Amino acid sequence: MTGDARAGLTRSLGPLGIMFLSFSALSPVVSVYLFGAGIIRLAGTGAVPALLIGGTLAAMVGLLYAELGAAFPDAGGVYPSFTAILGPLLSYPYVVMMLVSAPTTLAFSLLGFADYVRVLAPALPEVALACVVAAAGVAVLSIRSGAAITGLFLAVELAALATLTGVALLHPARSLVVAVAHPSMLVAGTLAPTPLPMIALATVASVFTCAGASWALYFAEEMSEAERRIGRVVTIISPLAALLIAGPLIAALLGAPDLRAVLADEAPVAAVLRATGGPTFAAVVSAGVLLAVFNAIAATIMGYGRLFYATARDGLWPAPLARGIARLSRRGSPVIATLVLCGAAVVLMALGERVLLVLCSNQLILEFLLLGVAVLVGRRRGHTGAHHRIWLHPAVPVLAILVTLGLVVADWLDRDAGRPSLLVLAAIIIASLVWRRGRGHSNGGVAPDRTSAR
């Protein structure tokens with residue numbers, strides 16, 4: 001270990017490495033097979049218009065990360081931008097929310113990985129712990145090694161998506177026009193028209209599922225010439241992520257030969273593969289999906305480990321903890337921050353998937369709201385726009401604020417997970433403000449200026 005907590009991360013990544021890590025963390029396959037399945041069960045073929053609209057909204061809002069990342073290319077995702085532009089009063093609750101959301105999201109993913117493995121091989125024990133150990137081993141390597149390894153896994157992931165899309169499109173069962181004009185869902189075992197409010201809820205879920213451009217900002221401090229290049233990279237990632245997620249899901253619905261059977265299946269995407277390519281073919285693709293889930297967990301640990309490191313370095317942790325968490329290994333990776341993150345996730349797995357879902361499902365609400373406000377304020381005050389400017393300003397940041405309102409409404413209508421998650425978010429905001437006022441941070445929770453080090 002290096003003893004200097006002030007030493008920064010090394011800027012050694014190019015655009016391709018950032019894209020490998022970002023797409024691995026957002027994982028189009030995980031979004032399609034896990035989150036996409038939920039959208040299909042919610043709205044049936046109404047998921048087609050929902051994905052078209054929600055994917056477009058996610059791609060547009062994702063462009064805001066490009067302008068903020070180019071202005072403040074530091075580790076820790078988007079929080080350095082929020083603290084620099086909006087100040088501690090608005091940014092500190094977001095930081096606390098992310099420090100809660102990061103390990104809970106990881107714990108939820110680990111339990112999902114274990115469930116998936118047990119379906120394929122029920123005899124394997126303690127698979128979640130084995131997964132986190134192996135993924136953490138990848139995460140603590142040098143950033144270039146981590147990007148190379150996740151890039152190899154990403155190739156398998158994209159091959160699985162291409163296979164799903166190709167098989168579905170080769171066996172069309174209905175047209176895109178029919179799916180959009182006459183959406184249907186399963187009600188009491190029979191197909192019925194999908195109500196418009198259900199399509200609206202599925203659209204909001206699609207925004208969450210197709211988003212992911214923010215992952216590039218977790219690695220921005222390790223990109224060479226980040227101020228000049230990160231904006232263009234995020235501008236590519238945002239619409240491409242939405243396309244890679246929405247496209248295969250739409251193709252699967254259009255290619256489902258027995259729509260009633262597919263909508264009744266707990267894994268509708270896998271059901272389409274079984275129906276069109278046979279059980280052996282579906283099992284082979286499922287193995288690729290498993291590798292994709294592991295790859296997503298490894299990249300997630302890398303990203304959130306840098307969030308823990310950056311917040312500790314910037315003085316947002318109690319001093320005794322901050323000194324250790326902000327240390328870097330000889331390879332330049334935040335090993336202690338990574339271990340703290342993984343340890344917290346292992347402990348939180350005991351809460352179970354339902355509780356974890358409530359704790360980690362509120363991130364985009366506060367993030368999208370602050371994203372829109374930060375770009376509006378940053379552009380007006382001259383904090384952003386020097387290195388990269390988004391298109392259609394101020395329409396895109398206003399759109400982000402409107403999408404936030406849609407997320408709030410959708411969560412409030414969901415009594416099982418959405419409404420409790422809103423209450424958890426409100427509790428986190430109130431508790432963080434009380435905690436910050438009690439501590440009286442000397443730097444106000446604002447990341448220090450490291451412009452000269454770039």
Side-chain angles (χ1 to χ4, degrees), residues 15-16 18-40 43 45-66 69 150-151 153-170 172 175-177 179-180 199 202-217 230-256 268-269 272-273 285 288-289 292-293 295-296 299 364 368 390-392 396 399-400 403:
L16 196 59
I18 292 290
M19 293 185 73
F20 283 167
L21 291 167
S22 300
F23 278 108
S24 295
L26 66 90
S27 188
V29 159
V30 173
S31 297
V32 168
Y33 276 79
L34 300 184
F35 298 109
I39 297 174
I40 292 174
T45 59
V48 173
L51 286 161
L52 290 172
I53 298 171
T56 301
L57 292 175
M60 293 183 67
V61 173
L63 298 177
L64 298 174
Y65 295 107
T150 56
F153 280 106
L154 181 63
V156 176
E157 181 171 353
L158 295 179
L161 277 182
T163 301
L164 166 64
T165 306
V167 169
L169 291 179
L170 286 174
S175 70
L176 179 64
V177 174
V180 172
I199 295 177
T203 299
V204 173
S206 297
V207 174
F208 172 82
T209 301
C210 294
S214 61
W215 281 107
L217 272 60
I230 191 68
R232 290 198 298 270
V233 171
V234 175
T235 301
I236 294 172
I237 290 174
S238 186
L240 187 56
L243 178 63
L244 288 174
I245 295 166
L249 281 169
I250 292 172
L253 285 169
L254 299 182
V269 178
V272 173
L273 276 177
V285 176
V289 173
V293 175
N295 191 39
L364 283 185
F368 275 16
I390 60 167
W391 309 322
L392 303 176
V396 177
L399 177 64
V403 169

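Keep in mind that the numbers below use all heavy atoms, side chains included, and drop hydrogens, waters and symmetry copies. Quick caveat: nothing in here was measured; it's all calculated off a predicted structure.
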Measure the spacing between [atom1] of [X] and [atom2] of [Y] and express it to the nearest 0.5 Å.
X      : Y      : atom1 : atom2 : value
Ser31  : Leu161 : OG    : CG    : 9.0 Å
Phe368 : Phe208 : CZ    : CZ    : 9.5 Å
Leu240 : Ile245 : CG    : CD1   : 9.5 Å
Leu273 : Leu164 : CG    : CG    : 5.0 Å
Leu52  : Ile250 : CG    : CD1   : 4.0 Å
Leu64  : Ile390 : CG    : CD1   : 4.5 Å

Considering only heavy atoms from C-beta outward, does the side chain of [X] approach that of [Y] to under 4.5 Å?
X      : Y      : answer
Val289 : Val32  : no
Phe35  : Leu249 : no
Val234 : Leu63  : no
Leu51  : Ser206 : yes
Leu154 : Leu158 : yes

Which atom names give the shortest non-hydrogen contact between [X] and [Y], and what distance separates them?
X      : Y      : value
Ala296 : Ser27  : CB-CB, 3.5 Å
Ile39  : Ala47  : CG2-CB, 3.7 Å
Ala58  : Ser238 : O-OG, 3.6 Å
Pro239 : Ala59  : CA-CB, 3.7 Å
Ala213 : Ile237 : CA-CG2, 4.0 Å
Leu244 : Phe23  : CD1-CE2, 3.9 Å

**Thr150 backbone acceptor or donor facing Ser24 side chain under 3.5 Å** =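 Yes: the side chain of Ser24 pairs with the backbone of Thr150.
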**Request:** Output, in order, the C-alpha distance, side-chain angles, deciding distance and verdict of side chain to side chain contact (heavy atoms under 4.5 Å, CB included) for Val29 and Val293.
**Result:** CA-CA 8 Å; Val29 159; Val293 175; 5.6 Å; no
